[in-house]
*Asks:* 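Please see the structure below; I have some questions.
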Amino acid sequence: MNRPLSRDFYIRDTLTVAKELLGKIIVKRYGKLFLSGKIVEVEAYIGSHDPACHAYMRTKGRCEVMYAIGGTAYVYFVYGNHYCFNVVTGAKGEGNAVLVRAVEPLEGIETMKLLRGIEHNLINLTNGPGKFCKAFDIDMKDNGRDLVMDKNFFITENYKLSTEKIIIMQSGRIGINKGKEFPYRFFIYNNNFVSKHKINETAIRL
DNA sequence: GACAAGATTAGCT
DNA sequence: GCTAATCTTGTCT
């Protein structure tokens, strides 16, 4: 049985956590079964200097959860339709998080299809932040959950990773207007479940 | 109170 | 590639 990543994993520099989350497995219980997927695309948001971060120059309201201890789930609602899932990083009071933008579905694929309302097209199931949340039944009820202590919602090591040997790509973030200059998006090279954008072509190989 | 923007998506051209 | 859908949040009056 896989164990959740420890608190120490999350209480580190946000960019380090973001990069290391690639390839890890996110697991969530849905009824009697577990849904899981490999994280293939993330973005970092850093409160201290990043105007795109909800916690930039703010401590109250929606972003309050971003100031919790690393390993806490931060979920918010955007564009009147969609949820986005983040993991808080660093010590309590810092205001940083990593957005999970895309995963590769592993377990519970049939259930994810039902939740998404699509039958075919596996690629389209979780290749975007809103799609991933819908497929994993993530919404505001999950905001503030502790991914270190919660047995039904956590991120775990991928023991196949040592043989998979992933290549990490870095680029600017997607769908923001402020903070475009920060190259805080990371994704796995050549993975089909990364959200497709022109920006992929200008990404840097790390 | 009012208003504009937003870490998106699906559907159409 | 372009745009409507849809509603919460933050900001200003």
Side-chain angles (χ1 to χ4, degrees), chain A residues 10 14-15 17-19 21-22 26 37 39-68 70 72-90 94-105 112-145 147 155 169-188 192-203:
Chain A
Y10 298 106
T14 306
L15 296 177
V17 176
K19 281 180 266 191
L21 277 173
L22 292 175
I26 184 160
I39 298 172
V40 300
E41 180 180 356
V42 297
E43 284 177 2
Y45 289 85
I46 305 176
S48 60
H49 63 269
D50 173 10
C53 179
H54 291 166
Y56 178 69
M57 305 286 279
R58 268 187 232 105
T59 56
K60 291 179 183 143
R62 174 175 62 172
C63 70
E64 224 171 305
V65 173
M66 291 188 82
Y67 288 92
T72 304
Y74 168 49
V75 181
Y76 67 91
F77 187 64
V78 272
Y79 293 114
N81 282 309
H82 310 289
Y83 296 96
C84 287
F85 168 80
N86 302 247
V87 192
V88 176
T89 61
E94 288 187 14
N96 310 320
V98 174
L99 168 74
V100 174
R101 285 192 57 88
V103 309
E104 176 179 333
M112 292 183 203
K113 286 178 178 173
L114 286 173
L115 285 163
R116 287 271 291 115
I118 58 177
E119 290 184 13
H120 309 292
N121 203 346
L122 182 66
I123 294 288
N124 200 28
L125 205 52
T126 54
N127 62 343
K131 299 178 194 177
F132 156 64
C133 282
K134 199 164 184 198
F136 274 68
D137 187 43
I138 294 170
D139 57 28
M140 293 314 289
K141 74 181 177 318
D142 299 305
N143 191 31
R145 285 176 80 170
L147 304 176
I155 302 171
M169 304 293 287
Q170 177 176 29
S171 79
R173 293 170 294 184
I174 291 176
I176 57 169
N177 288 304
K178 303 171 205 160
K180 281 182 173 162
E181 67 274 29
F182 298 113
Y184 288 170
R185 172 172 176 254
F186 305 96
F187 59 96
I188 296 178
N192 287 329
F193 295 88
V194 170
S195 62
K196 298 290 180 191
H197 284 84
K198 261 191 175 175
I199 198 166
N200 289 357
E201 296 159 20
T202 59

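The chains referred to below are lettered A, B, ... by the order of the sequence lines, with proteins before strands, and numbering in each begins at 1.
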*Asks:* Could you identify the nucleotide paired to B:dA7, looking across every strand shown and requiring Watson-Crick or G-U wobble geometry with both distances under 3.5 Å?
*Replies:*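 Looking at the geometry, B:dA7 pairs with no nucleotide.
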*Asks:* Using Watson-Crick or G-U wobble geometry with both distances below 3.5 Å, tell me the partner of C:dT6, or none.
*Replies:*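 Check on C:dT6: unpaired, no WC or wobble geometry under 3.5 Å.
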*Asks:* Walking along DNA chain B from 5' to 3', note the first and the last nucleotide with an atom under 4.0 Å from a heavy atom of chain A, and give both.
*Replies:*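 Under 4.0 Å from chain A, the extent on DNA chain B is B:dG6 to B:dA10.
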*Asks:* I need the NE2-C1' distance between A:His82 and C:dA4, as an integer number of Å.
*Replies:*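 Atom-to-atom, A:His82 to C:dA4, this comes out as 11 Å.
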*Asks:* Quick one: label A:Arg62 by what it contacts on the DNA or RNA (base, sugar-phosphate, nothing), any heavy atom closer than 4.0 Å.
*Replies:*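 Sugar-phosphate, no base atom in range.
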*Asks:* Let me spell it out: for each of A:Gly175 and A:Ile118, pick the nucleotide of DNA chain B with the closest heavy atom. Which residue's pick is nearer the 5' end?
*Replies:*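 Looking at the nearest nucleotide for each, A:Gly175 comes out on the 5' side.
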*Asks:* Within this structure, what is the OH-to-P distance between A:Tyr79 and C:dT9, rounded to whole angstrom?
*Replies:*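 Going from A:Tyr79 (OH) to C:dT9 (P), I get 15 Å.
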*Asks:* Considering every strand and a 4.0 Å limit on heavy-atom distances, what is the contact class for A:Asn177: base, sugar-phosphate, or nothing?
*Replies:*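 Sugar-phosphate contact only.
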*Asks:* Closest approach of A:Lys134 and A:Leu115, non-hydrogen atoms and distance?
*Replies:*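 Minimum heavy-atom separation between A:Lys134 and A:Leu115: O-CB, 3.4 Å.
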*Asks:* Side chains of A:Tyr10 and A:Ile155: closer than 4.5 Å at any heavy-atom pair?
*Replies:*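 Yes, close enough: below the 4.5 Å cut-off.
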*Asks:* Report which part of the nucleic acid A:Arg116 touches: base, sugar-phosphate, or nothing (heavy-atom distance under 4.0 Å, all strands).
*Replies:*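 The residue A:Arg116 makes sugar-phosphate contact but no base contact.
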*Asks:* Begin from the C-alpha positions of A:Tyr74 and A:His54 and carry the test side-chain contact (heavy atoms from CB on, under 4.5 Å) through to its verdict.
*Replies:* CA-CA 11 Å; A:Tyr74 168 49; A:His54 291 166; 2.7 Å; yes
*Asks:* Assess the residue pair A:Gln170 and A:Leu15 against the criterion (side-chain contact (heavy atoms from CB on, under 4.5 Å)); give the C-alpha distance rounded to whole Å, side-chain angles, the decisive distance to 0.1 Å, and a yes or no.
*Replies:* CA-CA 11 Å; A:Gln170 177 176 29; A:Leu15 296 177; over 6 Å; no
*Asks:* Using a 4.5 Å cut-off on heavy atoms from C-beta on, say whether the side chain of A:Phe186 contacts that of A:Leu21.
*Replies:*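 A side-chain contact under 4.5 Å is absent here.
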*Asks:* Does A:Val75 offer a backbone N or O that forms a donor-acceptor pair with the side chain of A:Asn143 under 3.5 Å?
*Replies:*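 Judged by distance alone, yes, a pair lies under 3.5 Å.
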*Asks:* When you check the phosphate oxygens OP1 and OP2 of C:dT9, does a side-chain N or O of A:Arg58 lie under 4.0 Å from one of them?
*Replies:*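 No.
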*Asks:* Give the rounded distance in Å between these two atoms: CG of A:Asn81 and C1' of C:dA4.
*Replies:*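 Those two atoms, CG and C1', are 10 Å apart.
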*Asks:* Please give, in whole Å, the distance from C:dG10 P to A:Tyr76 OH?
*Replies:*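 Answer to the nearest Å: 12 Å.
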*Asks:* Would you mind listing every salt bridge (Lys or Arg N to Asp or Glu O under 4.0 Å) that reaches into residues 112-127 of chain A, with sequence neighbours excluded?
*Replies:*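 Found A:Glu110-A:Lys113.
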